[in-house]
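Everything below concerns the one structure shown next.
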Amino acid sequence: MLDIHLLRANLGNAAKELDLRGFYLDMSYFQKLVEERGSVRTNTQKLEENRNNISGRIGRLRVAGHGIDDGEIGNFLNQMKSILAQLSQAKVDLDKIECELQQFMEVIPNLPHSTVPKEGKNEDVRYWGTKKTSDSFGFSIKDHVSIGENLGLLDFETATKLSGARFSMMKGGLARLHRALAQFMLDTHTIEHGYTETYVPYLANSESLRGTGQLPKFEEDLFKIYRKKYEKEEGETDQKLQEENWYLIPTSEVPLTNSVRNEIVPLESIPIKLTALTPCFRSEAGSYGKDTRGLIRQHQFDKVELVQIVHPQKSYEALEQLVGHAEMILQKLELPYRVVLLCSNDMGFSAAKTYDIEVWLPAQNTYREISSCSNCEAFQARRMKARFRNESGKPELLHTLNGSGLAVGRCLVAVLENYQNADGSISIPKVLQPYMGGIDRLVA
RNA sequence: GGAGAGGUGGCCGAGUGGUCGAAGGCGCUCCCCUGCUAAGGGAGUAUAGGCUCAAAAGGCUUAUCGAGGGUUCGAAUCCCUCCCUCUCCGCCA
């Protein structure tokens, strides 16, 4: 959520910047709401002040021994009638306007940082490694689906039987390779990059999803969980299905970042650096026909997430480091990649600045997103009321960052395609061999 | 799932309708006192808003005692719903 005071003070500019993100900000509606709220609120508070005042006087008279039918008290009670009538109306009005304003604010995306390209074009920041093509392989390359299926270790048909489209099943060495990748990533981030390994719930409540910005705007991207809670009343045969507002996490950013929701953390406990390996669940609504083949776009995939919760003055420094941490995984795996700075209209809802890391996929002859690293500044912190006690002892909003470090399934795709051999076998990257019981090849 | 007990400020803990945003203690900050230390004395010490002020300071004010409703002129206190914690029993990976 944006700072309402700042938004008000820079309304025109904000509207322009949001326009670059494809968001139309209704300035006059906003101004109307804010002004209306001001007057309704002042009015309400005046009435409350009156009420408290008279109530206190009655209290003091009662304590002094005056009866409830005392004339003076009766007089006060009379005055109170009209105050209370006005107050109840005022509260209804205030509630309504605050609700409207909240709804308005909650769906506005974050403002892009000044270094974010505005021309609608992503910027290549750097390239790493030498990309391999069919020429450099010296044989006709296969995509990860053929490789996995030929090995007999990747099985979409059975997964479809079990669940449906966009699920997968892996077996044997491939399943182990998948696990090895995740373990390797976790170990690297905890041992070398200083993150704290975290185990988190895979079901999150709506407050958490709201905190990181998935709700209320992107509910259709999520899987929602209903838990049956039966309420039986005497003589009633109907059972009411009560909704339990849980969602399958679309990323562990949700539980990790929300760990500081409604907290004021002490200055000395930041930066907080957390990592977790979790499954991620995405409904992929509206992506019919995209990446239907293979492991690229699934309803369920594993991801090692990096989250940093930092001092506002340190967040851009932290973003560069965080990208570096994610890159390190690809470097150790010796997978070619590039880093891309996203332009404002490609960024996610909560981000102020985002770098994508794209790994080279020879079979597609292209770079594909494998990590997205964002600084959300105070956008999520404001929604979450996540604060720290600053140098002068005052509570101040934190900055939050998150990035994939990395998406395990897509990383597996990259390994399969980049490490394939002419005979259909897969070489195991050196850094993964200790996680694979020392073997250096996956063969049919 | 059944039975019971609870959820109050950074922490402990009092408070069952009225000068309560909340006694007391601990902790913390500042000051005083004291050769040093220990002890002692005093003041301060929640969060988010609004108004005031050139700004800061300050002042005034509203809300918040797990959450949300209700009763009442007035609720931490009474009633209802929900959430959470603890104890015992049952069930279970």
Side-chain angles (χ1 to χ4, degrees), chain A residues 1-9 33-99 101-102 105 199 201-208 210-211 225-234 239-246 258-270 378 381-398:
Chain A
M1 208 151 66
L2 300 178
D3 182 341
I4 196 160
H5 297 109
L6 281 179
L7 182 61
R8 228 187 144 181
L33 282 181
V34 171
E35 275 159 34
E36 217 171 293
R37 182 184 66 156
S39 66
V40 174
R41 184 169 50 197
T42 305
N43 183 241
T44 307
Q45 292 188 352
K46 282 233 168 78
L47 289 165
E48 282 173 338
E49 188 179 343
N50 275 340
R51 178 202 60 190
N52 292 348
N53 191 327
I54 295 180
S55 224
R57 291 196 200 186
I58 294 173
R60 264 164 266 145
L61 287 169
R62 295 281 289 139
V63 169
H66 292 249
I68 197 78
D69 32 9
D70 180 284
E72 211 174 338
I73 290 183
N75 198 9
F76 281 138
L77 291 181
N78 252 348
Q79 288 180 41
M80 202 61 123
K81 271 183 202 155
S82 104
I83 292 172
L84 288 175
Q86 290 178 63
L87 182 59
S88 75
Q89 183 57 49
K91 275 184 170 166
V92 169
D93 294 347
L94 185 61
D95 198 54
K96 184 166 165 273
I97 191 99
E98 282 189 330
C99 235
L101 191 58
Q102 176 73 11
M105 294 300 294
Y199 176 83
Y202 302 159
L203 298 176
N205 57 32
S206 57
E207 288 75 23
S208 294
R210 193 170 293 271
I225 297 296
Y226 293 89
R227 182 163 69 162
K228 287 176 184 175
K229 285 183 80 182
Y230 292 112
E231 239 184 27
K232 276 186 214 162
E233 297 201 359
E234 225 172 300
Q239 296 178 319
K240 283 184 215 159
L241 185 68
Q242 275 200 338
E243 196 175 294
E244 189 90 35
N245 61 348
W246 279 342
N258 274 282
S259 63
V260 291
R261 177 155 49 88
N262 291 325
E263 301 285 337
I264 303 175
V265 302
L267 184 61
E268 53 290 2
S269 71
I270 56 171
R382 191 170 293 109
R383 291 173 160 248
M384 292 191 299
K385 295 187 176 62
R387 294 161 292 173
F388 70 105
R389 215 167 271 287
N390 69 15
E391 292 76 359
S392 51
K394 291 282 163 230
E396 187 181 335
L397 291 171
L398 289 155

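A note on names: the letters A, B, ... follow the listed sequences, proteins ahead of strands, and every chain is numbered from 1. Below, each value reflects all heavy atoms present in this structure, side chains not excepted, and no hydrogens, waters or symmetry copies.
- Annotation: B:rU34 and B:rG7 have their P atoms spaced 46 Å apart (nearest Å).
- On the P atoms, B:rC36 is 16 Å away from B:rC31, given to the nearest whole Å.
- For B:rG4 and B:rA67, the P atoms lie 25 Å apart once the distance is rounded to whole Å.
- For A:Arg382 and B:rG49, the CZ to C1' distance is 15 Å, given to the nearest whole Å.
- A:Arg37 approaches A:Leu94 most closely through the heavy-atom pair O-CD1, 4.3 Å.
- For A:Arg41, whose side chain is taken as the heavy atoms from C-beta onward, the closest listed nucleotide among B:rU47, B:rG74, B:rG50 is B:rG50.
- Phosphate contact (OP1/OP2 of B:rG50, side-chain N/O of A:Arg37, threshold under 4.0 Å): absent.
- In this structure, the separation between NZ on A:Lys91 and CG on A:Asn43 is 12.5 Å, given to the nearest 0.5 Å.
- In this structure, A:Asn262 atom CG and B:rA46 atom P are separated by 19 Å, rounded to whole Å.
- The pairing partner recorded for B:rU85 is B:rA5, the criterion being a Watson-Crick or G-U wobble arrangement whose two distances lie under 3.5 angstrom.
- The distance from atom CD1 of A:Ile264 to atom P of B:rA46 is 11 Å, rounded to the nearest whole Å.
- With both pairing distances under 3.5 Å, B:rA48 is matched to B:rU62 as a Watson-Crick or G-U wobble pair.
- As rounded to the nearest Å, B:rG25 and B:rU16 have C1' atoms that lie 23 Å from one another.
- The phosphate of B:rC73 (OP1 or OP2) has no side-chain N or O of A:His66 nearer than 4.0 angstrom.
- Remark: B:rA93 base-pairs with no nucleotide; criterion is Watson-Crick or G-U wobble with both hydrogen-bond distances under 3.5 Å.
- The separation of B:rG49 from B:rC88, taken at their P atoms, amounts to 44 Å, rounded to a whole angstrom.
- Nucleotides B:rG18 and B:rC30 are separated by 39 Å at their P atoms, to the nearest Å.
- Relative to the side chain of A:Arg387, the nucleotides B:rG74, B:rG50, B:rA48 differ in distance, and B:rA48 lies closest.
- Checking B:rC30 for Watson-Crick or G-U wobble geometry (two distances, each under 3.5 Å) identifies B:rG42 as its partner.
- Side-chain contact, A:Asn53 with A:Glu49: no donor N or O sits under 3.5 Å from an acceptor N or O.
- Using the Watson-Crick or G-U wobble rule with both distances under 3.5 Å, B:rG74 pairs with nothing in any strand shown.
- Considering only the side chain of A:Met80, B:rC73 comes nearest among B:rU19, B:rG18, B:rC73.
- Of the listed nucleotides (B:rC73, B:rG50, B:rA63), B:rC73 has the atom at the smallest distance from the side chain of A:Leu77.
- Side-chain atoms of A:Lys385 and A:Asn262, non-hydrogen and from C-beta on, do get closer than 4.5 Å to each other.
- Looking at A:His66 and A:Arg60, their side chains never come closer than 4.5 Å, going by heavy atoms from C-beta outward.
- Taking only side-chain atoms of A:Leu84, from C-beta outward, the nucleotide of B:rG18, B:rU47, B:rC73 with the closest atom is B:rC73.
- As the counterpart of B:rU37, no nucleotide is assigned, since no Watson-Crick or G-U wobble pattern has both distances under 3.5 Å.
- Heavy-atom distances to RNA chain B give each of A:Glu49 and A:Gly393 a nearest nucleotide, and the one nearer the 5′ end belongs to A:Gly393.
- Residues A:Glu48 and A:Gln45 both approach RNA chain B. Their nearest nucleotides, taken by heavy-atom distance, put A:Gln45 toward the 5′ side.
- Across all strands shown, B:rA23 has no partner, as no Watson-Crick or G-U wobble contact with both distances under 3.5 Å is found.
- Between B:rC65 and B:rC11, the distance separating the two C1' atoms is 16 Å to the nearest Å.
- Regarding A:Phe388, its CZ atom lies at a distance of 18 Å from the C1' atom of B:rG10, rounded to whole Å.
- The distance between atom CG of A:Leu47 and atom P of B:rC73, rounded to the nearest whole Å, is 17 Å.
- Across B:rA57 and B:rC80, the matching P atoms stand 46 Å from one another, rounded to whole Å.
- In this structure, A:Arg261 places its CZ atom 20 Å from P of B:rU47, rounding to the nearest Å.
- In this model, the phosphate group of B:rU62 is approached by a side-chain N or O of A:Asn52 to a distance below 4.0 Å at OP1 or OP2.
- Residue-level contact check: A:Ile58 touches the bases, meaning some heavy atom is under 4.0 Å from a base atom.
- A side-chain donor-acceptor contact under 3.5 Å links A:Asn258 to the backbone of A:Ser208.
- When atom types are taken as modelled, the side chain of A:Arg383 and the backbone of A:Arg210 share a donor-acceptor pair closer than 3.5 angstrom.
- Here B:rC53 sits opposite no nucleotide as a Watson-Crick or G-U wobble pair (both hydrogen-bonding atom distances under 3.5 Å).
- When all heavy atoms of A:Leu2 and A:Arg382 are compared, the pair lying nearest together is C-NH1, 3.4 Å.
- Between A:Leu94 atom CG and B:rG49 atom C1' there is a gap of 11 Å when expressed in whole angstrom units.
- Atom CG of A:Asn75 and atom C1' of B:rC73 are 13 Å apart (whole Å).
- For A:Arg51, a side-chain nitrogen or oxygen approaches OP1 or OP2 of B:rA63 to under 4.0 Å.
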